[in-house]
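Report on the following structure.
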Amino acid sequence: MAYGSALAVLADPTRRQVFERLRAGPRAVNAIAAGMPVSRPAVSQHLKVLKGAGLVEERSEGVRRIYSVRREGLAELRAWLDSFWGDALDAFKLEAENSYQAKKRQR
């Protein structure tokens, strides 16, 4: 149930904002923290949690750490969310068929 871990980690609004800043591509901690209402050390802690959940990865460039989205980390969450589409479409099909049958009986 890795999607549950991803949901729990992304439930924090600041952590979600940190994660969303990586959408545009890899960034250093200072670039991620720029303009945020929390300190750079706080951003680093959020990145640590995101990394622990498998949602981000880091690499070193000299003394800097560069963070990026780990797309594989989102795969199970996405699969879980996508499963709702099948259920919704099945329910829509059933409702449309029932509505059609009801109109047919009224004639």
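The figures here come from the full heavy-atom set of this structure, side chains too, leaving out hydrogens, waters and symmetry mates.
- Using a cut-off of 4.0 Å between Lys/Arg side-chain N and Asp/Glu carboxylate O, Lys51 and Glu57 are scored as not salt-bridged.
- At a threshold of 4.5 Å between non-hydrogen side-chain atoms, the residues Leu47 and Glu58 do not count as touching.
- A donor-acceptor distance shorter than 3.5 angstrom exists from the side chain of Arg21 to the backbone of Ile32, with no hydrogens or angles considered.
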Test side chain to side chain contact (heavy atoms under 4.5 Å, CB included) on Leu7 and Trp80; report intermediate values, then the result.
CA-CA 11 Å; Leu7 286 173; Trp80 178 72; 3.6 Å; yes
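- Between Ala6 and Leu77, the shortest heavy-atom distance links the atoms CB-CD2, 4.1 Å.
- What you find for Arg64 and Ala28 is that their closest heavy atoms are NH1-CB, 4.1 Å.
- Judged by distance alone, with hydrogens and angles left aside, the side-chain atoms of Arg16 form a donor-acceptor pair with the main-chain N or O of Ala11 at under 3.5 Å.
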Trace of the side chain to side chain contact (heavy atoms under 4.5 Å, CB included) decision for Lys103 with Ser99
CA-CA 6 Å; Lys103 285 182 183 179; Ser99 178; 4.1 Å; yes
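- Within the 4.5 Å cutoff, the side chain of Thr14 has heavy atoms near those of the Met36 side chain.
- The two atoms that bring Arg23 and Val69 nearest to each other are N-CG2, 4.4 Å, heavy atoms only.
- From Glu72, atom CD reaches atom CZ of Arg78 across 13.5 Å, with rounding to the nearest 0.5 Å.
- Scanning all heavy atoms of the two residues, the minimum distance from Ala24 to Arg27 falls at CB-NH2, 3.1 Å.
- Note that the CD atom of Gln17 and the CG atom of Leu10 stand 13.0 Å from one another [nearest 0.5 Å].
- Note: the hydrophobic cluster containing Tyr3 does not contain Trp85 (ILVMFWY, side chain heavy atoms under 4.5 Å, direct or indirect links).
- Gln45 CD to Arg15 CZ: the interatomic distance, rounded to the nearest 0.5 Å, is 9.5 Å.
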Donor-acceptor pairs are to be reported for all side-chain atoms of residues 37-44 against protein atoms at under 3.5 Å, with residues two or more places apart or in another chain.
| residue | atom | partner | partner atom | Å |
| --- | --- | --- | --- | --- |
| Ser39 | OG | Ala42 | N | 3.2 |
| Arg40 | NH1 | Ser44 | OG | 3.0 |
| Ser44 | OG | Arg40 | O | 3.3 |

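- When all heavy atoms of Phe19 and Leu55 are compared, the pair lying nearest together is CE1-O, 3.5 Å.
- Rounding to the nearest 0.5 Å places OH of Tyr67 at 13.0 Å from NE2 of His46.
- Leu89 and Leu94 are assigned to two separate hydrophobic clusters, defined by single-linkage of ILVMFWY side chains at heavy-atom distances under 4.5 Å.
- Checked for salt-bridge contact, Arg59 and Glu61 meet the test: a charged N lies under 4.0 Å from a carboxylate O.
- Taking the side chain as every heavy atom from C-beta outward, Leu22 and Leu50 never approach each other to under 4.5 Å.
- Side chains of Pro26 and Ile66 form a contact here, defined as non-hydrogen atoms less than 4.5 Å apart.
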